[in-house]
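Remarks on the structure that follows.
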Amino acid sequence: QTHTRADGRGPAGTATGRGGAARASLRQDRWWVTPAVTVAVLTGFVGYGMWAAFRNAAYYADPYLSPFYSPCLTDSCPRDALGSGFFGDLPWISPAIPILIFPLGFRLTCYYYRKAYYRSFWWAPPACAVPDARRKYSGETRLPLIMQNVHRYFLYFGILFIGLLAYEAVGAFGFDGHFGVGVGTGMLVVNVVLLGLYTFSCHSFRHLCGGGLRTLSAHPIRRQMWQAVSALNRRHMVWAWASLLWIMITDLYIWLVAAGHLHDYHWVA
Ligand code: FES
């Protein structure tokens, strides 16, 4: 039997790197499937998201506003969109661009996504018991990765966005001043529910509810909130993927309707 020394070198003097194995992984299963799927889906989403954000057209099919463009803050937005005209006339820029930093920053610094893209894109490490692709590892202790600590601040904007998206989802029940329900209404409602589950299952939100206390049991309301968030937090990964894919599907649907490629079925009272 061989042992890895405390200095990180194997018995034959070979550098082992973090993770300890002196040679290729002993794992026999297809451990590479998860990182490969993660790369494929995240790359696909980034590609779609860039097209959606820059297309600057067909993002509104009355009464549906694409979540990529919500809140819609320029003059070119539909008249009744929340915050419309806040930035004034910006004809040279897509209304999705000024707000992009908030959802993007929230996702990029998310604890779950960090694990996902560190493993899949950087192979640091790619899977349990599989060595890192790189010898050196400084973690998140210095620039640029120490910036990941700003996640908690993006959370505050994430919560604000849930309110804004909920407002737009409620607006999707209004068809020319009449109450109605359409396929797009359902999609926007599901969108805000999934984003809400993702946001309120956040690790930082869990800490906000129950962290920083010496005795949690002495604060029954915060303890109950922490327990509820903890229950959601167990499936944070599921909410992360579900909300990511659904926002893409919702935007695609609204684009298809707005561009005249698809008819929206709805019932109006
Ligand atoms: Fe994922 Fe906060 S940890 S959103």
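Atoms within each ligand, like the ligands themselves, are counted from 1 in listed order. Only heavy atoms go into these numbers, but all of them, side chains included; no hydrogens, no water, no symmetry mates.
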Practice item. Give me the ring orientation class for H151 and F106: parallel if the planes are under 30° apart, tilted from 30 to 60°, perpendicular past 60°. Key: parallel
Review point. With a cut-off of 2.8 Å, how many protein N, O or S atoms neighbour atom 2 (Fe) of ligand 1?
Key: 2
Check your understanding: Does CZ belonging to F121 count more than 12 external heavy atoms closer than 6.0 Å?
Key -> yes
Review point. With a 4.0 Å cut-off on heavy atoms, is Y198 touching ligand 1?
Key: yes
Practice item. May I have the step-by-step check of salt bridge (charged side-chain N to carboxylate O under 4.0 Å, His left out) for D132 and R119, ending in yes or no? Key: CA-CA 9 Å; D132 289 34; R119 287 192 169 192; over 6 Å; no
Check your understanding: Only one of Y64, Y59, W51, Y69 forms a ring-ring contact (aromatic ring centres under 6.0 Å, His included) with W255, so which one is it?
Key -> W51
Review point. Between the main-chain N or O of Y118 and the side-chain N or O of W123, is there a donor-acceptor pair closer than 3.5 Å?
Key: no
Review point. Does Y198 have R107 sitting over its ring (NZ/CZ under 6.0 Å from centre, angle to axis within 45°)?
Key: yes
